[in-house]
There are 2 protein chains.
Amino acid sequence: MSLSSSPSVTLLEVAPRDGFQSIAVPLPTELKVSIIEDLVASGVTRMELGSFVSPKAIPQMADMAAIAAHFKGREGCRMSVLVPNAKGASMALQAGYRDLVFVVSVSEAHNLNNVRQTVAQSLDQLRAIVSEAGHSGEGLRVDLATAFDCPFEGAVALDSVGRVFSEALDIAPKAEFALCDTTGRADPLTVRHRFQRMMELASPQTVWAFHGHDTFGMGVANALYAFDAGVTIIESAAAGLGGCPFAPGATGNTATEDLQFAFEEGGIATGIDRGKLLAAADRIAALPGGKTASHLRIVPRERAMA
Amino acid sequence: MSLSSSPSVTLLEVAPRDGFQSIAVPLPTELKVSIIEDLVASGVTRMELGSFVSPKAIPQMADMAAIAAHFKGREGCRMSVLVPNAKGASMALQAGYRDLVFVVSVSEAHNLNNVRQTVAQSLDQLRAIVSEAGHSGEGLRVDLATAFDCPFEGAVALDSVGRVFSEALDIAPKAEFALCDTTGRADPLTVRHRFQRMMELASPQTVWAFHGHDTFGMGVANALYAFDAGVTIIESAAAGLGGCPFAPGATGNTATEDLQFAFEEGGIATGIDRGKLLAAADRIAALPGGKTASHLRIVPRERAMA
């Protein structure tokens with residue numbers, strides 16, 4: 001896959017954000033912190049801790065400032081938070097977070113549903129965030145949601161992805177960018193192809209991430225094909241915590257332990273200890289009301305190990 | 001993936017063999033035939049109908065001759081049967097089957113457990129089959145089981161695969177060959193690498209197949225990476241029927257509908273109608289005692305469709 005003699009990939013853990021918000025009753029802050037500590041101890045070097053959104057909309061994320069206070073000054077794991085608008089970004093910066101994830105959907109219907117703004121309004125919010133911060137996107141990732149498929153509009157055209165990406169790149173040329181398979185319906189060859197096309201529009205310095213779900217069974221393959229295109233950051237959730245409100249029986253983010261297995265067994269280092277990760281995933285799977293989807297976690301543990 | 005302008009792959013359906021044998025109580029022959037007919041009608045062009053083994057060992061396969069009688073002279077779908085030894089091959093040929101699959105494991109422990117022979121004894125059986133038929137392996141596929149991992153011995157060395165393959169190739173140079181991920185523990189990059197290495201030992205004319213399970217969540221990715229190496233035949237089971245006796249909660253063969261989706265959405269033709277395949281998979285999933293594992297089948301049907 002890589003020309004390097006010791007290839008590696010970064011698995012960016014999103015269980016505390018995309019996963020915890022899927023659990024109906026907010027978890028105690030101390031429990032969240034304890035699970036996050038376990039994930040850090042397993043070797044996770046990047047994590048999305050939560051979202052700065054209205055506590056009325058997502059009460060599961062009301063304790064972001066308290067979590068920030070706990071991890072203040074912590075080295076070794078870059079901890080980011082998702083912000084849907086400039087107000088959320090200000091709140092996150094006030095709470096001490098320096099690593100922000102701004103989300104905008106490629107499809108109008110999903111963006112309206114997700115952040116109650118048109119795509120153009122969201123891009124204005126991105127402009128405001130960059131302008132207020134006085135930088136070109138450093139410390140910022142832009143998540144392009146529904147970059148393949150939209151739960152409301154269906155297939156999303158490649159041209160639409162290119163258009164939103166180009167505008168966002170213009171606003172924040174130093175940001176990281178992610179193509180997000182929000183619904184899990186993307187297929188591996190299309191994932192690789194879309195990243196290749198976006199990379200042609202981007203600077204060679206642009207760092208890319210892929211956010212995927214395993215709903216249609218493509219999770220592991222999509223991650224590998226994204227990596228094959230040159231994507232170095234793959235988002236996943238320990239235990240596959242998540243669930244998908246529009247698809248009965250569907251699953252959450254691709255399980256971190258499944259990806260750790262896929263990459264490490266293939267000789268691509270993740271820096272994550274599989275046993276410790278599986279132990280953390282076990283704790284997550286035991287959370288009341290959590291819907292999980294993992295393969296590695298349910299095979300006999302000695303068979304899952306390297 | 002392919003240099004051809006219209007790439008295609010053959011999904012070889014194994015639910016009637018690897019799947020039906022996993023259901024404790026033998027199914028009525030008419031029910032089997034009816035499901036097989038549905039699979040053929042969906043566009044399946046190759047299918048493994050069952051095994052010529054002792055009815056005492058696997059009573060689910062006692063009606064192979066009756067099934068052969070039903071499909072005698074049928075065009076459009078190549079129907080093969082698995083044989084563990086020369087006696088099984090004779091019985092299959094007597095029943096009118098011309099397309100045989102001979103199975104030998106790379107690992108001694110699995111071969112002893114599976115067919116009660118050493119690897120050397122199994123290769124002698126292969127020699128007898130080819131010798132009695134007076135050909136060089138035409139109409140024969142050799143399945144190399146445990147080509148990656150063995151439920152008893154663990155990791156299987158690449159050199160061992162090469163040794164068994166080379167001997168089998170010497171005996172049946174015109175046969176098709178399959179590397180089988182019997183336990184589902186193979187990872188995508190290793191799958192691709194092992195096929196590439198075996199292809200170096202083979203004739204350029206050798207046709208290759210991959211047999212995989214989704215137990216560790218690698219099923220779709222393994223199939224795509226096998227295809228990427230040049231494998232043109234991918235085995236799978238509608239509804240993911242199967243199960244794995246040594247791994248609690250584990251799954252069967254990778255679901256045909258998941259692979260149909262992965263290939264077709266990526267522009268690689270399978271010739272299989274997704275809606276008809278899903279309808280057949282629904283029937284299989286409804287079989288009493290059947291353990292299934294499919295992603296496409298459980299998402300809302302309109303979302304699964306192209």
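Protein chains get the first letters and strands the later ones, always in sequence-line order, with residue 1 at the start of each.
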Closest non-hydrogen atom pair, F216(B) against V299(A) = CE2-CG2, 3.6 Å

Any R303(A) side-chain heavy atom under 4.5 Å of D149(B) side chain | yes

Heavy-atom pair with the smallest gap, counting every atom of H295(B) and D214(A) = CD2-O, 3.4 Å

Say you draw a straight line from CG of D258(B) to CG of D187(A); how long is it, rounded to the nearest 0.5 Å?
-> 12.5 Å

Considering all heavy atoms of both residues, which atom of L189(A) and which atom of I268(B) are nearest to each other, and what is their separation?
-> CD1-CD1, 3.2 Å

Turns out that what part of N222(B) lies under 4.5 Å from chain A's heavy atoms comes down to neither

Where L224(B) and A221(A) come nearest, the two heavy atoms and their spacing = CD1-CB, 4.0 Å

Among the options R185(B), E264(B), M218(B), H193(B), pick out the one with the most heavy-atom pairs lying under 4.5 Å from chain A.
-> R185(B)

